Amino acid sequence: MKKAPDLTSLNISLPRDQRDYVAECVADGGYGSASEYMRELIRKDAKERAEDKLQAMLLAGLDSGSPIRGSKKFFADLRTRVDELAKSKRKKGSRK
């Protein structure tokens with residue numbers, strides 16, 4: 001059974017032109033309300049920030065030193081560790 005989200009209110013002040021823009025986006029975008037539209041913007045922003053963070057981490061990894069050649073055993077061990085981590089996370093998630 002899906003749990004209802006825990007919603008709180010947040011009042012924001014917008015200039016008239018931005019308020020009109022939000023109203024237009026709600027009407028044209030098929031959103032039910034300005035709140036729904038704002039939540040979608042926040043979700044998109046959070047996803048973009050997470051992608052930017054991942055990209056920065058990947059670049060830091062590339063710049064971290066000389067590459068290490070991985071063997072078949074290295075990748076097999078890595079796969080085992082990833083599988084164990086995924087199983088552990090699924091077990092924790094099933095308790096909710």
Side-chain angles (χ1 to χ4, degrees):
M1 186 159 79
K2 204 172 194 181
K3 183 181 176 185
D6 182 25
L7 299 177
T8 62
S9 292
L10 173 68
N11 295 320
I12 60 170
S13 298
L14 299 174
R16 185 178 303 276
D17 62 330
Q18 288 182 350
R19 186 195 67 192
D20 293 344
Y21 178 79
V22 169
E24 182 181 318
C25 290
V26 169
D28 294 346
Y31 296 98
S33 66
S35 292
E36 199 175 295
Y37 175 67
M38 297 304 293
R39 285 191 295 269
E40 179 67 19
L41 289 179
I42 292 167
R43 281 190 290 271
K44 286 179 181 179
D45 182 64
K47 181 179 179 185
E48 185 178 314
R49 285 173 175 255
E51 289 171 354
D52 289 347
K53 183 177 178 181
L54 176 59
Q55 183 177 9
M57 290 168 58
L58 290 170
L59 291 173
L62 287 173
D63 293 338
S64 68
S66 300
I68 300 170
R69 188 170 289 263
S71 64
K72 286 184 180 182
K73 180 178 178 349
F74 169 82
F75 287 107
D77 291 346
L78 182 60
R79 168 56 64 193
T80 300
R81 287 175 42 210
V82 168
D83 288 344
E84 288 171 357
L85 181 61
K87 285 178 190 174
S88 169
K89 287 191 179 274
R90 278 195 297 270
K91 284 181 183 175
K92 287 180 183 178
S94 65
R95 292 180 194 165
K96 291 180 180 178

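Values below: all heavy atoms of this structure, side chains included; hydrogens, waters and symmetry mates excluded. Since the structure is predicted, the reported quantities are computational estimates derived from the model, not experimental observations.
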- Query: Salt bridge or not for Lys87 and Asp83, using N-O below 4.0 Å?
  - Reply: no

- Are Leu10 and Tyr37 connected in the hydrophobic side-chain network, where two residues link if heavy atoms are under 4.5 Å apart? yes

- side-chain hydrogen bond (donor to acceptor under 3.5 Å, both in side chains) pairs touching residues 16-26, sequence neighbours excluded, are none

- Message: Tell me the closest heavy-atom pair linking Val22 and Ala34, and the distance in Å.
- Response: CG1-CB, 3.9 Å

- Task: Quick one: do Arg49 and Lys53 satisfy side chain to side chain contact (heavy atoms under 4.5 Å, CB included)? Show the steps, please.
- Result: CA-CA 6 Å; Arg49 285 173 175 255; Lys53 183 177 178 181; over 6 Å; no

- Message: Within this structure, what is the OG-NZ distance for the pair Ser88 and Lys91, rounded to the nearest 0.5 Å?
- Response: 7.5 Å

- Task: List in chain and number order the residues that pass side-chain contact (heavy atoms from CB on, under 4.5 Å) with Arg43, two or more places apart in sequence or in another chain; answer none if no residue qualifies.
- Result: Arg39, Glu40

- Query: What's the shortest heavy-atom distance between Cys25 and Tyr31, and which atoms?
  - Reply: O-CD1, 3.6 Å

- Message: Do Met38 and Ile12 make a side-chain contact, defined as non-hydrogen atoms from C-beta onward lying under 4.5 Å apart?
- Response: yes

Tell me which donor-acceptor pairs under 3.5 Å the side chains of residues 58-77 have, and how far apart each pair is, sequence neighbours excluded?
residue	atom	partner	partner atom	Å
Ser64	OG	Gly61	O	2.7
Ser71	OG	Lys73	N	3.4
Ser71	OG	Phe74	N	3.1
Lys73	NZ	Asp77	OD2	2.7

- When rounded to the nearest 0.5 angstrom, what is the spacing between CG in Asp52 and CE in Met57? 13.0 Å

